J.: 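Here it is: the structure, laid out below.
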Amino acid sequence: MNSKIPVTVLGATGVVGQRFVRRLASHPLFKIQYLAASERSSGKRYFEACAWRLEGEPYGGFGPRVMVPGEPDQAFSPVVFSALDSGPASELEPQFAKAGALVFSNASAFRMAREVPLLIPEVNPEHLGLIELQRRHHGWKGAILCNPNCTATVLAMALAPLEKTFGIEAVMMTSMQAVSGAGYPGVASLDILGNVVPFIRNEEEKVEEEIPKLLGLLGPEGIELAKLGVSALCHRVPVLEGHTEAVSVKLKGSPTPDQVREAMRSWRPEPQALNLPSAPAVPIHLHLTEDRPQVRRDVEVDGGMSVHVGRVRACPLFGIKFSLLGHNTERGAAGGSILNAELAHAKGLLG
Ligand code: NAP
């Protein structure tokens, strides 16, 4: 008997949607029931609607599957993974939640809503508790659970053990972000090859507002934002997958680089303790050689689910600085959402 939980993928044709399909094709808990995207794709077979761009089995083996309209009366499953753009997400995700689905969203539409968890299982698993507030607030049986912006996700993974061990006063982060972060076709090749673009619309704002929510504590009225200053400077660079971040951080008690490394090395958060299927054994890989992490050498380790920290050293202005790398479309998108669903399952929220 196959007791896997049926799931729907919304936005299945896109950059993130394809990664959902590839991961879910062999997932131990979930099985794909419906694939949906826009009206342009509806009624077509997946291989006709989607230009598959990933390694491995084309279309994750779902090429012949007929795509359905992304509406609850035609695509309902108890678990919905949404790789929709923010516009359609703001309309469709509440409809699925109202119909009783747990919607794991990649879009920015509801991330900062008071009653919506902005979830990274290693960082803030207790934020799942917001679901009760959300259900009371809307009268829904289902709920929307968001994963953060991909740049914020990678940063929060490195900051979480530092907040827990020392407390953070201020962070300054300069990113070098992959083109896949802009979806497909994304940035025109003539604009990005041999170039660095010092602007990604709304990216700096998202990082600056999401980090205090991610590191905040669950209270009776929602999340009490963490009290730290965050400044983000975001750049697009000619890299396919993987966001690199140069981070300076002011910590309480002025710990040494060795103490910071030890806090990261000894961090054993909940997904690793629960042995969730998509959780990497080690959430932060600490590099000690002076020229790592590097995108081409490190980003695909653990299927892109761990982050990489290197060059932890003294900063004359903030106290500590380091280099950080994480996979934007895996940890920062599809893999992160699936890990959120695995946590919800482990906590008994999927029935
Ligand atoms: P994308 O490649 O442009 O894919 C967008 C998907 O949305 C496609 O499947 C498209 O279907 C579907 N869609 C567009 N309009 C629609 C509509 N009106 N109704 C239903 N479906 C519609 O974008 P992406 O990079 O995968 O990003 C998807 C979401 O994830 C966005 O919210 C993005 O901000 C977020 N995100 C992306 C990354 C990343 O690194 N790329 C990281 C974190 C979060 P058709 O093929 O039928 O047009």
Side-chain angles (χ1 to χ4, degrees), residues 8-23 34-54 59 62 66-72 74-75 80-96 103-112 118-120 144-156 175-187 200-203 205-207 210 234 236-237 239-244 295 299 304-305 326-340:
T8 294
V9 181
L10 300 177
T13 54
V15 164
V16 176
Q18 293 184 25
R19 288 187 180 266
F20 269 125
V21 171
R22 187 171 70 171
R23 280 187 169 270
Y34 295 115
L35 298 177
S38 75
E39 277 178 12
R40 290 180 290 277
S41 304
S42 176
K44 292 181 183 163
R45 294 189 185 277
Y46 189 44
F47 73 83
E48 296 166 330
C50 167
W52 186 260
R53 292 183 196 90
L54 298 179
Y59 309 97
F62 287 83
V66 176
M67 301 199 63
V68 297
E71 293 151 14
Q74 306 200 55
V80 172
F81 291 108
S82 169
L84 294 173
D85 294 323
S86 199
S90 59
E91 192 188 327
L92 293 171
E93 290 176 359
Q95 293 180 22
F96 279 91
V103 181
F104 294 88
S105 172
N106 278 272
S108 60
F110 299 106
R111 281 183 194 147
M112 293 308 292
L118 188 58
L119 198 61
I120 303 175
I144 297 172
L145 303 90
C146 292
N147 49 347
N149 164 277
C150 43
T151 313
T153 300
V154 175
L155 181 58
S175 73
M176 290 143 270
Q177 301 186 211
V179 287
S180 59
Y184 189 85
V187 191
I200 304 173
R201 189 170 303 283
N202 296 331
E203 192 77 355
E205 293 82 350
K206 287 177 187 169
V207 175
E210 290 179 21
C234 295
R236 189 74 73 195
V237 297
V239 158
L240 284 181
E241 299 288 348
H243 291 353
T244 300
V295 173
V299 80
M305 289 300 286
H327 202 303
N328 52 300
T329 53
E330 289 296 357
R331 171 51 82 158
S337 262
I338 292 173
L339 189 61
N340 286 348

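Bear in mind that the values here come from a model prediction, so they are computed numbers and not experimental data. In listed order, ligands and their atoms are each counted from 1.
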J.: Using a strict cut-off of less than 4.0 Å between a Lys/Arg side-chain nitrogen and an Asp/Glu carboxylate oxygen, indicate whether E203 and R236 qualify as a salt bridge.
T.: no

J.: Calculate, to the nearest 0.5 Å, the distance between atoms CG and OG belonging to L10 and S105 respectively.
T.: 9.0 Å

J.: For the atom pair CZ (F47) and OG1 (T13), what is the distance rounded to the nearest 0.5 Å?
T.: 15.0 Å

J.: What pair of heavy atoms forms the shortest contact from R40 to K44, and how long is it?
T.: O-NZ, 3.1 Å

J.: Are any of the N/O atoms in S41 less than 3.5 Å from those in ligand 1?
T.: yes

J.: Distance to 0.1 Å, residue and atom name: give those for the protein heavy atom nearest to atom 20 (C) of ligand 1.
T.: A37 O, 3.3 Å

J.: Can you find a non-hydrogen atom of G332 under 4.0 Å from ligand 1?
T.: yes

J.: Given R40, R19, R331, which has its nearest heavy atom closest to atom 48 (O) of ligand 1?
T.: R40

J.: Less than 3.5 Å apart, any donor N or O on the side chain of N147 or T153 sitting next to an acceptor on the other?
T.: no

J.: Counting each atom of ligand 1 from 1 as listed, which ones have a heavy atom of Y184 under 4.0 Å away?
T.: 2 (O)

J.: So which heavy atom in the protein is nearest atom 24 (P) of ligand 1, and how far is it from that ligand atom?
T.: V16 CG2, 3.9 Å

J.: At what distance is the nearest protein heavy atom to atom 46 (O) of ligand 1, and which residue and atom is it?
T.: T13 OG1, 2.5 Å

J.: Polar-atom distance check: P88 versus ligand 1, any N or O pair below 3.5 Å?
T.: no

J.: Checking contacts here: is it the side chain or the backbone of S180 that comes within 4.0 Å of ligand 1, counting heavy atoms only? Could be both or neither.
T.: backbone

J.: For residues H243 and C150, report the shortest heavy-atom separation together with the two atoms involved.
T.: NE2-SG, 3.4 Å

J.: Using a 4.0 Å cut-off to any heavy atom of A333, which atoms of ligand 1 qualify?
T.: 42 (C), 43 (C)

J.: Atom 13 (N) of ligand 1: which protein heavy atom is closest, and how many Å away?
T.: S38 CB, 4.0 Å

J.: Would you say T329 has any N or O atom under 3.5 Å from an N or O of ligand 1, going by distance alone?
T.: no

J.: Among all the protein's non-hydrogen atoms, which is closest to atom 28 (C) of ligand 1, and how far away is it?
T.: A83 O, 3.2 Å

J.: Name the closest protein heavy atom to atom 35 (C) of ligand 1, giving the residue it belongs to and the distance to 0.1 Å.
T.: N106 O, 3.4 Å

J.: In ligand 1, which numbered atoms sit nearer than 4.0 Å to a non-hydrogen atom of A107?
T.: 32 (O)

J.: Are any of the N/O atoms in G11 less than 3.5 Å from those in ligand 1?
T.: yes

J.: Write down the atom of V207, the atom of A152, and the distance for their closest heavy-atom approach.
T.: CG2-N, 4.1 Å

J.: Taking distance alone, with N or O pairs closer than 3.5 Å, would you say L92 contacts ligand 1?
T.: no

J.: Is there side-chain contact between Q18 and Y46, with at least one heavy-atom pair below 4.5 Å?
T.: yes

J.: Please report the closest heavy-atom contact between A75 and V68, naming both atoms and the distance.
T.: CB-CG2, 3.7 Å

J.: Among all protein heavy atoms, pick the one closest to atom 2 (O) of ligand 1 and tell me residue, atom and distance.
T.: V15 N, 2.9 Å

J.: Can you name the nearest heavy-atom pair linking A182 to V187, along with the distance?
T.: CB-CG2, 4.1 Å

J.: Can you pull out the closest protein heavy atom to atom 29 (C) of ligand 1? Residue, atom name and distance to 0.1 Å, please.
T.: L84 O, 3.3 Å

J.: Over all heavy atoms of both residues, which pair between E241 and V299 is shortest? Give the atoms and the distance, please.
T.: O-CG1, 3.9 Å

J.: Tell me whether the count of non-hydrogen atoms from other residues, nucleotides or ligands lying under 6.0 Å of CG in L54 goes above 12.
T.: yes

J.: Using heavy-atom distances only, which candidate in N202, N147, N328 approaches atom 40 (O) of ligand 1 most closely?
T.: N328

